[in-house]
Amino acid sequence: MQESLDDLYGLTSEKEVLEVINNPDLKIEFVRIMFPDILGRPMDFSIPGSELERAFSDGKGFDGSSVEGFVRIEESDLVIVPEARTFRVFPWTYTGFDGQTSWREAIMFGDIYTPDHEHYAGDSRFVLKKMLTKAREEFGFDDFKCGPELEFFIFPDDQQPVPTDAGEYFFAGRHGEIRKEIQLLLRKMGIESEFDHHEAAHGQHEIDLRYESAVEIADKVMIFRYMAKKVARMHNLYATFMPKPINGQNGSGMHVHQSLWRGNHNAFFDESSTYHLSPEARHYTAGIMYHARAICPVLSQWVNSYKRLIEGYEAPVYIAWGQKNRSAYIRVPEYQPGKEKATRIELRSPDPGCNVYLAMTLMLAAGLDGIKNQIPLPSPVEENIYELSVRKQKKAGIQLLPRNLQEGIKTMEKSQLIRETLGEHIFQKFLANKQKEIEDYLKSVPEQYDQQVSPYEIKRYLPML
């Protein structure tokens, strides 16, 4: 039986988890069950630890009508079954007002079902699982590994985006100790980081998570976002993943490093080829570029996301790829050239406000479509695309990402690949949700804010993201 207050993760069976929960010395009184809504926002409820065994066997019912995009009122009952391997314990103890009551809390993720025991069509986490099954069964890939770079701002509160420092990229700034505290607490939960630094904008930070299988890393991103907000709150500050909170400053992205694996072999690696990219890696990259405009509304899903995706702020508005080019949509990192495990591509368009499960699902779907149809990879572009003339951009065949969410949605709704990948339920609910968001925005914001962050966006997105 596990008795240490640390290392309460990495369990693989329900029996192991129940042994930990039933250990009175650990005082784990509650289990928080977390799941994403259709927009990727963290939804959760807690159950007493004594209820977990029943939740494993029967699932735990909840009212789905309160979850954005899930179900209509008349069909609101859903059931979630927690997965044992997702079990982690928050690395702190809660203390009650009387000073005598204390407890710890675990967190778990799981699969959502209908009352008829069918996988629920609106469960975006399960959609990613299905895509991984397709990659394995139809393409022979055992794993899709992803490593996200998460950027975020730290402000005094959630009302106004007031920078808390005048730091720059890798330079000066404040609150580096908050980044360290976030990472140390995550490490106690078995979530490893690789890098942290102050980002280019004032009050902006970045922490990179160690690459992991797609579902596992998506769960970790959910916990990461919770932890960043929790630690900032404990310092009487506010952490936000709003894509573009400040005019005249860079927005926050979530660059996703990714590769496909067969067993212990990185299928993206080819020692003899240029950039060490295998033919499959090239077709995969071409697939993501081919579908770039259609998948953009999921990777960058908010009206505010497109205030980040404008020229001049290191945002990847151009659908091109290269190795040294940070203005391109996809970059091939060269940190360890010729090393198989390090070979990957870096997709630079997603932002940290996306539904990470759906975003990774569509990255994989687009890439696999490139492999299936042997889509050729265009020539790399190593020049700074911002400085190329329009004529040179057209000559190089460089397209732009959608200029706004409206343009992106019009492209997405025509995509048969996205419709089939997400399923009709999520596809239609997502589009309807975005159409409503666009309508509300257009009613409230004049055209002068087409490329500027409006007060409406601050009020709507800052407290939420």
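One finds a salt bridge joining Glu51 and Arg54 here, because a Lys/Arg side-chain nitrogen approaches an Asp/Glu carboxylate oxygen to under 4.0 Å. Taking the charged nitrogens against the carboxylate oxygens, Glu457 and Lys244 have no contact shorter than 4.0 Å, which rules out a salt bridge. Salt-bridge annotation for Lys134 and Glu420: absent, with no side-chain N of the basic residue lying under 4.0 Å from a carboxylate O of the acidic one.
Taking the six-membered ring where the residue is Trp, Phe139 and Phe141 present parallel rings, their angle staying beneath 30° rather than reaching 60°. Aromatic ring pairs are classed by plane angle as parallel below 30°, tilted from 30° to 60° and perpendicular above 60°; the pair Tyr456 and Tyr441 is perpendicular. The aromatic rings of Tyr94 and Trp92 stand perpendicular to each other, their planes meeting at an angle above 60°, with 30° marking the opposite boundary.
For the pair Lys130 and Phe126, the cation-pi test (distance below 6.0 Å, angle within 45°) is failed.
The two residues Ala135 and Leu364 have their closest heavy-atom pair at CB-CD2, 4.3 Å. The heavy-atom pair separating Arg308 from Arg348 by the smallest distance is NH2-O, 3.1 Å. Arg210 and Ile217 get closest at one heavy-atom pair: O-CD1, 3.4 Å.
Asn250 and Gln204 share no donor-acceptor pair across their side chains, judged by distance under 3.5 Å alone. With 3.5 Å as the limit, one finds no donor-acceptor pair spanning the side chains of Gln448 and Gln452. Of the N and O atoms on the side chains of His198 and Asp165, at least one donor lies less than 3.5 Å from an acceptor on the other residue. In the model, Glu407 has no side-chain atom that pairs as donor or acceptor with a side-chain atom of Tyr306 under 3.5 Å.
Side chain of Asp157 to backbone of Gln159: a donor-acceptor contact under 3.5 angstrom is found.
In this structure, the separation between CZ on Arg88 and CE on Met189 is 6.5 Å, given to the nearest 0.5 Å. Thr411 contributes atom OG1, which lies 12.0 Å from atom CD1 of Ile295 (distance to the nearest 0.5 angstrom). Rounded to the nearest 0.5 angstrom, Ile107 CD1 and Asp44 CG are separated by 7.0 Å. Residue Ile375 holds its CD1 atom at 10.5 Å from CG of Leu377, rounded to the nearest 0.5 Å. Atom OG of Ser300 sits about 12.5 Å away from atom CG of Asn404, to the nearest 0.5 Å. Taking CG from Leu400 and CD1 from Ile310, the interatomic distance works out to 13.0 Å, rounded to the nearest 0.5 Å.
Here the rule is side chain to side chain donor-acceptor pair (under 3.5 Å) with Arg125, and of Asn355, Asp219, Thr361 only Asp219 fits it.
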Could you walk me through whether Tyr284 and Gln258 pass the side chain to side chain donor-acceptor pair (under 3.5 Å) test, one step at a time? CA-CA 11 Å; Tyr284 179 95; Gln258 52 199 278; 2.7 Å; yes
Evaluate the criterion salt bridge (Lys or Arg N to Asp or Glu O under 4.0 Å) for residue pair Glu437 and Lys434; output intermediate values, then yes/no. CA-CA 5 Å; Glu437 181 185 346; Lys434 293 294 119 182; 2.6 Å; yes
His119/Tyr113 under ring-ring contact (aromatic ring centres under 6.0 Å, His included): CA gap, chis, key distance, verdict: CA-CA 4 Å; His119 277 288; Tyr113 295 85; 4.5 Å; yes
Mind running side chain to side chain donor-acceptor pair (under 3.5 Å) on Ser305 and Asp351 for me, showing each step along the way? CA-CA 7 Å; Ser305 298; Asp351 66 52; 2.7 Å; yes
Any chance you could lay out the side-chain contact (heavy atoms from CB on, under 4.5 Å) test for Leu442 and Gln406, step after step, and finish with the verdict? CA-CA 10 Å; Leu442 293 176; Gln406 300 96 301; 3.7 Å; yes
With side chain to side chain donor-acceptor pair (under 3.5 Å) as the criterion, how do Glu151 and His255 come out once you've worked through the C-alpha distance, each side chain's angles and the decisive distance to 0.1 Å? CA-CA 9 Å; Glu151 297 174 354; His255 303 169; 4.6 Å; no
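Taking the centre of each ring, Tyr226 and Phe90 come in below the 6.0 Å mark.
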